[in-house]
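Here is how names work: the chains are called A, B, and so on, in the same order as the sequence lines, proteins then strands, and each is numbered from 1.
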There are 2 protein chains.
Amino acid sequence: MSPQVTSYHHGDLRPALIDAALDLAREGGPGGLRLREITRAAGVTPNAAYRHFEDLDALVLAAAQVAQHRLAAAMREQIDALLADADADAGAAGAAVTRLRGVGLGYIHFAIAEPGWFELALLTFDQHASGEPTVTVDAQVPPPFQLLLDALDDMAAASVLTPQERVDAEWPCWSAVHGFADMATRGPLKHQAPEVLSALGAHVVDRIIAGISQPVAASESAEP
Amino acid sequence: MSPQVTSYHHGDLRPALIDAALDLAREGGPGGLRLREITRAAGVTPNAAYRHFEDLDALVLAAAQVAQHRLAAAMREQIDALLADADADAGAAGAAVTRLRGVGLGYIHFAIAEPGWFELALLTFDQHASGEPTVTVDAQVPPPFQLLLDALDDMAAASVLTPQERVDAEWPCWSAVHGFADMATRGPLKHQAPEVLSALGAHVVDRIIAGISQPVAASESAEP
DNA sequence: GGCCCATGTGGACAGTGTATACACTGAGTC
DNA sequence: GACTCAGTGTATACACTGTCCACATGGGCC
């Protein structure tokens, strides 16, 4: 497969370093990533990495983007699986809700199954940190977050959400799902069995979906 | 105040180290804490810390427990402030909901106001990681989490929540509030203005409270 | 065929956490 | 009042880290 391991020039070092970083981050997360260990795993001198990345942070960020795409792929698989199992006669409204459930469950299940990669992927989310709090549809939006926005737009289109309910609905959803994933990864639920986490995660997803489609109480809008 | 700074023995080094760690973690969070820097700030040699703590992690954890208590205190202040402003004739049900709002808003506001201490306090939450997912009432429960459990029990006592709705209600609540705080601290909302974060945080809190008091749909219980 | 430049190596430096051995001091005891 | 001793802080050293600099290598292009 590889042309010649003992040759002076590696030939394909950049992806090899990213792969090595992903391997090491799978157990131990991004915190345990050291430059020297990554380059050692790739069979190369520490400084060789500086020909392909600005510094360690840049290398880790490149690996984090790969992890983020794997997270998005897992979410898409979860969505498709739920849609395949869903009632065909549930209509557009049912399909939209199922899609939103898939977004949340996919995110949570990826965090449970691959906590190291999940933590790694989180490093990419503080990038598009400027501008509107409600992220507009442009190329800067991370794919996992875009899946959420699409699902919510579907719900609004299917009239499961009123236009007023749609506004800022992504933040309660993302907060609940991300918060649960974080607790399951490095918080109080870290050492729970996967089945327990899966059941609790489904509960969280169902409660937040119920919450965003609940009519806004009169007392809330009156707050300062 | 201090007896003699130039004396050979510091005299009160352990709390001085914790204070120095809190000072340094206030900007930079727990990730930026170095033993040598902490001891330097306390005017002492690095190895002096080993007379009072097992290692750096133990020192950081001791500071994290202080930060956790400050978080709980901020939450209690928020609860009391909301209760003082609330309608007196809202009854026990209204007071219970207000208390739950205070738990969530207090947590979020502390994270916004003191992100470094907030991240530090999170280190204490993976301690009681064994046993039941629904944490039972014992001395091991972190004070902030206990405030949530109490508020939910109040809501159940006031019949705002049915006994069925009360079960595991702490996890959707904690997930949403913690998830938002995490995003505001180190996630996609990191650089948003405090007023924006405060408004979005209130929205998240209101939506999750609506979600846990929503009747459980028939389709949810039928899931495998 | 010779050169060039991207790529990898080697050595060095400042910084880290921590182990081990030593120095100082204050309180308690004969 | 001198002695001891446990508690506390210091000094030195080691392995490790990320990163800078100068040098070595060799494949592709003129």
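For A:His52, the NE2 atom counts as densely surrounded, since its 6.0 Å shell holds more than 12 non-hydrogen atoms of other residues, nucleotides or ligands.
Here D:dC20 is the nucleotide among D:dA22, D:dC20, D:dT12 with the atom lying nearest to any side-chain atom of A:Tyr50. Comparing atom distances between the A:Asn47 side chain and each of C:dG17, C:dG8, D:dC21 picks out D:dC21 as nearest.
With A:Thr39 as the partner, the side chain to side chain contact (heavy atoms under 4.5 Å, CB included) test is satisfied by one option alone out of A:Leu59, A:Thr45, A:Leu17: A:Leu17.
Counting heavy atoms from C-beta outward, B:Leu189 and B:Phe180 have side chains that approach closer than 4.5 Å.
Heavy-atom distances under 4.0 Å link DNA chain C to B:Arg34, B:Leu35, B:Arg36, B:Arg40 of residues 22-41 of chain B, given in residue order.
Close to C:dG8, at under 4.0 Å from its OP1 or OP2, lies a side-chain N or O of A:His52.
In this structure, B:Trp171 and B:Phe145 have tilted ring planes: the angle between them lies in the 30° to 60° band. Between B:His178 and B:Tyr107, the ring-plane angle classifies as perpendicular under the 30° and 60° cut-offs.
One interatomic measurement links the two molecules: CZ of A:Arg14 to P of C:dA6, which rounds to 16 Å at whole-angstrom precision. Here C:dT20 presents its P atom at 12 Å from CZ of B:Arg51, a figure rounded to the nearest Å. In this structure, CG of A:Asp57 is placed 16 Å from P of D:dT17, rounded to the nearest angstrom.
Residues B:Asp80 and B:Arg76 are not paired through a salt bridge, judged by the lack of any N-O separation under 4.0 Å between the basic side chain and the carboxylate.
The nearest heavy atom of DNA chain D to B:Ala48 and to A:Leu56 marks one nucleotide each, and the one closer to the 5' end goes with B:Ala48. Along DNA chain C, the nucleotide closest to B:Glu54 and the one closest to A:Asp12 are compared, and the more 5′ of them pairs with A:Asp12.
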